[in-house]
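Here is how names work: the chains are called A, B, and so on, in the same order as the sequence lines, proteins then strands, and each is numbered from 1.
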4 protein chains.
Amino acid sequence: MDLTSRQMEIIQAATQLISERSIQELTIKNLSARIGVTEAALYRHFRSKVDILVAILEQFREHGEVVRREALQRNAGPMELLEFIFLTHVRTFVEKPYLADVVFSEEIFQNEDRLADMVRSMMQQNFDAFVGMMRQGQQAGSIRNDIAAVELTTIFVGALRMLITRWRLQRFTDNLEHDGVSMWKALQRILST
Amino acid sequence: MDLTSRQMEIIQAATQLISERSIQELTIKNLSARIGVTEAALYRHFRSKVDILVAILEQFREHGEVVRREALQRNAGPMELLEFIFLTHVRTFVEKPYLADVVFSEEIFQNEDRLADMVRSMMQQNFDAFVGMMRQGQQAGSIRNDIAAVELTTIFVGALRMLITRWRLQRFTDNLEHDGVSMWKALQRILST
Amino acid sequence: MDLTSRQMEIIQAATQLISERSIQELTIKNLSARIGVTEAALYRHFRSKVDILVAILEQFREHGEVVRREALQRNAGPMELLEFIFLTHVRTFVEKPYLADVVFSEEIFQNEDRLADMVRSMMQQNFDAFVGMMRQGQQAGSIRNDIAAVELTTIFVGALRMLITRWRLQRFTDNLEHDGVSMWKALQRILST
Amino acid sequence: MDLTSRQMEIIQAATQLISERSIQELTIKNLSARIGVTEAALYRHFRSKVDILVAILEQFREHGEVVRREALQRNAGPMELLEFIFLTHVRTFVEKPYLADVVFSEEIFQNEDRLADMVRSMMQQNFDAFVGMMRQGQQAGSIRNDIAAVELTTIFVGALRMLITRWRLQRFTDNLEHDGVSMWKALQRILST
DNA sequence: AATGAATGAGGATTCATTCAT
DNA sequence: CATGAATGAATCCTCATTCAT
């Protein structure tokens with residue numbers, strides 16, 4: 001997935017476009033206008049519009065993986081891992097709010113089978129990774145045992161998404177960083193033994 | 001918002017279309033074909049495509065209100081209220097899976113200002129209602145006090161949405177009813193004192 | 001051409017609609033809405049939209065004839081006839097400004113052969129009547145003889161039309177009655193010996 | 001207003017279409033068919049249909065200005081100026097009869113505010129220029145003084161328009177050039193002292 | 001008389017994409 | 001690499017008209 005700098009420019013512009021206006025506004029015309037080239041020029045860099053969307057999803061997958069890998073390298077317990085991931089996600093959105101509109105909007109990509117499949121598998125992969133961490137925490141005794149890992153994960157991921165969704169629907173007016181920390185503290189209290 | 005039977009037929013077909021195919025496939029052509037009339041015929045029942053989407057949202061708003069009102073009439077404590085609402089929503093989706101694709105997909109409606117505003121206010125109204133219940137429960141002593149009502153609501157609503165989202169992305173293969181009950185039990189354990 | 005009262009109501013509404021908005025806005029929908037009936041209802045009174053336009057033109061033809069007949073009954077010389085007709089037309093427009101938009105707008109009816117033919121023959125008939133008057137005046141010695149009747153008529157009719165056209169394009173802000181009298185005095189000076 | 005050759009081709013085709021069939025027949029479909037391209041192709045050259053109409057009007061405005069400027073460069077008295085302009089207009093229509101249908105048909109453009117405003121201001125600008133010439137002639141003693149310049153202009157412009165209108169309604173069968181010269185001679189006799 | 005529902009044809013415009021230059 | 005011009009299919013929507021009630 002080595003992207004040229006032009007390709008990266010395109011998918012960033014595309015992401016912003018989706019965020020600022022909605023997926024319906026992500027047209028080849030709008031996209032090329034934003035970058036400042038002709039519509040035809042885009043086809044030098046991507047074979048089709050779907051390929052651009054695939055690249056966007058691919059980038060998210062990689063971002064998720066990077067965050068998880070970074071977390072693992074810290075050699076900390078599951079609880080610290082979850083904290084790191086939670087807060088890193090929050091900070092990513094604080095820095096690049098436009099990502100929020102895309103990253104939690106699976107519906108956007110239901111359009112094409114290829115895209116819907118990618119979303120499905122990413123979500124699954126992500127979810128499974130969290131379930132794994134939960135289980136480890138439960139075995140290690142740092143995470144409560146009276147609720148199954150799947151439910152705990154649903155709560156954890158659901159809370160993160162809900163936090164972002166509300167912030168997003170209020171057009172980024174809340175202080176997400178602050179609310180994120182509060183939210184994590186609540187989750188911590190709930191998850192830990 | 002009294003809808004004629006034809007109007008109801010249209011918004012139901014529209015909802016299913018969004019669910020089965022995605023919002024991009026909700027075209028006047030597809031919609032009229034599904035109902036078995038001409039495109040022009042739709043315009044006798046709705047003034048525009050946006051009006052159809054507004055009617056869909058309106059229907060959801062009413063459904064939410066009905067569920068909340070029903071819950072309140074049961075004269076039960078906040079905890080029982082939340083249970084009723086949680087499980088009623090789950091059952092609604094079990095019965096009409098296609099609703100799930102629309103009801104939790106705010107992104108779908110970001111297209112038009114009028115729609116985006118409706119989604120925003122519905123979400124807010126809904127969330128506030130839950131925060132109110134949480135506060136009552138906290139005052140009555142049935143809901144834990146060490147976590148703020150807003151965070152508890154984020155967890156509650158987030159978990160419900162996450163549950164549905166996963167089920168939906170797996171194309172409704174899980175047993176949602178069963179998972180919903182498990183999920184509620186987990187939430188109950190978490191929320192109660 | 002005996003019109004029922006409903007038919008008269010329709011062609012008056014149609015005339016106003018053309019005037020206020022332009023011929024493009026004269027749709028069966030707009031027209032029926034203005035009258036307060038269903039679109040289908042109009043077809044009880046006219047067999048088609050073209051028939052409505054024909055009725056409008058017919059009404060104008062009759063109006064022109066009535067004015068000319070009235071003028072003739074006054075048993076006056078050609079010069080007084082022209083004055084009567086000129087000022088009567090001006091006063092008709094002062095009273096019903098919306099007529100002005102239609103009566104001098106042949107282009108509006110170029111759409112359909114039947115209508116274009118009507119306009120053509122009305123214009124011709126009208127013009128010929130004026131040429132006749134001019135000739136009579138020339139023979140009687142009250143109208144100048146050094147310019148042919150056709151040219152004098154072109155000037156006479158052209159000036160009337162131009163007066164109305166300017167007033168119309170300025171959205172009826174000038175005092176047409178006053179300008180009309182001035183214009184007639186100028187024409188009088190020019191036409192008479 | 002520098003037009004590409006394709007743009008000029010389009011507005012010429014549009015002008016002819018209006019002339020041959022009427023404004024209602026000026027559809028993107030008809031227009032593109034006449035040029036021999038797809039409907040979509042037109043949108044590379046004009047942003048909308050209204051823009052095409054604006055370009056047509058703009059072209060007329062420029063034509064009028066060119067004629068007036070040419071006239072002024074001849075360094076002749078007002079009477080010669082009026083003659084030049086009158087006969088030049090007549091000859092323009094003799095060469096391009098299809099223009100006649102558009103150039104004196106303000107009604108055609110009442111459809112859209114932007115267009116109606118253009119027509120209004122063009123007409124006003126044109127009229128004022130003639131009033132100015134009349135006044136100059138009156139001061140110089142070559143144009144009669146007993147009738148106000150506005151009335152003389154109304155007669156002059158009205159006669160020109162009437163001449164063209166009749167010729168047009170008779171589907172260009174008369175000898176316009178010949179009738180134009182006669183008409184000018186009549187006007188000359190009327191205007192001069 | 002009038003309505004409500006429907007239709008088929010056509011309106012302007014936008015879409016992703018292609019291709020010669 | 002990029003452009004300008006083009007395309008065919010699709011978009012939403014409006015038109016005049018019809019017909020059973």
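- Of the candidate nucleotides F:dA2, F:dC12, F:dT17, F:dC12 has the atom lying nearest to any side-chain atom of B:Thr27.
- Atom P of nucleotide F:dC1 and atom CD1 of A:Ile35 are separated by 14 Å, given to the nearest angstrom.
- Nucleotide E:dA1 forms no Watson-Crick or G-U wobble pair with any nucleotide shown, as no partner meets the under 3.5 Å limit on both distances.
- For the pair D:Thr38 and F:dA6, the criterion of a side-chain N or O lying under 4.0 Å from OP1 or OP2 is not met.
- A 4.5 Å side-chain heavy-atom check between C:Arg168 and C:Phe172 finds at least one atom pair inside the cut-off.
- The stretch residues 4-21 of chain D has no heavy atom under 4.0 Å from DNA chain E, so no residue of it qualifies as close.
- Under the side chain to side chain contact (heavy atoms under 4.5 Å, CB included) test applied with B:Ile56, the options B:Thr15, B:Leu99, B:Asp51 reduce to a single match, B:Thr15.
- Residue-level contact check: B:Ile28 touches the backbone only, with heavy atoms under 4.0 Å from sugar-phosphate atoms and none from bases.
- Residue D:Asn30 contributes atom CG, which lies 13 Å from atom C1' of E:dA12 at whole-angstrom precision.
- Taking every side-chain heavy atom of C:Glu39 into account, F:dT17 is the closest of F:dC15, F:dC13, F:dT17.
- Counting any heavy atom pair closer than 4.0 Å across all strands shown, C:Leu26 reaches sugar-phosphate atoms only and no base atom.
- Residues A:Gln12 and A:Tyr98 form a side-chain contact, since some pair of their non-hydrogen atoms from C-beta on lies under 4.5 Å apart.
- Rounded to an integer number of Å, the gap from D:Phe46 CZ to E:dA12 C1' is 16 Å.
- Taken from CD in C:Glu39 to CG in C:Asn30, the straight-line distance is 9.0 Å, to the nearest 0.5 Å.
- Atom-to-atom, NZ of A:Lys29 to C1' of F:dG4 comes out at 14 Å; the value is rounded to the nearest Å.
- Heavy atoms only, all atoms of each residue included: B:Arg61 and B:Met122 are closest at N-CE, 3.5 Å.
- Across the protein-nucleic acid pair, D:Ile52 atom CD1 and E:dT13 atom C1' stand 12 Å apart, rounded to whole Å.
- Of the candidates B:Asp117, B:Val50, B:Leu53, B:Glu112 forms a side chain to side chain contact (heavy atoms under 4.5 Å, CB included) with just one, namely B:Val50.
- Atom CG of C:Leu31 sits about 9.5 Å away from atom CD of C:Glu9, to the nearest 0.5 Å.
- Among the nucleotides F:dT18, F:dT14, F:dA2, the one closest to any side-chain atom of B:Ala40 is F:dT14.
- Under the Watson-Crick or G-U wobble criterion, with both distances below 3.5 Å, E:dA20 is paired with F:dT3.
- Residue whose closest nucleotide on DNA chain F sits further toward the 5' end, between C:Val50 and D:Leu42: D:Leu42.
- For B:Tyr43, taking side-chain heavy atoms from C-beta onward, the closest of the listed nucleotides F:dT14, E:dA2, E:dA5 is F:dT14.
- Toward the 5' end of DNA chain F, the nearer of the two residues A:Ala41 and C:Gln24, judged by each one's closest nucleotide, is A:Ala41.
- Taking atom CD on A:Glu25 and atom P on F:dT11, their separation rounds to 17 Å, with Å as the unit.
- Distances from the side chain of B:His45 to the nucleotides E:dC15, E:dA5, F:dT7 place E:dA5 closest.
- Salt bridge present: C:Asp101 and C:Arg171 bring a charged side-chain N and a carboxylate O closer than 4.0 Å.
- Side-chain atoms of D:Val37 lie closest to F:dT7 of the nucleotides E:dT13, F:dT7, E:dC15.
- Relative to the side chain of A:Lys49, the nucleotides F:dT17, F:dT14, E:dT17 differ in distance, and E:dT17 lies closest.
- Distance CD (B:Glu112) to C1' (F:dC12): 12 Å, rounded to an integer number of Å.
- Checking F:dC1, E:dG11, E:dA16 against the side-chain heavy atoms of A:Arg44 singles out F:dC1 as nearest.
- Rounding to whole angstrom units, CG of residue A:Leu31 and P of E:dA16 are separated by 9 Å.
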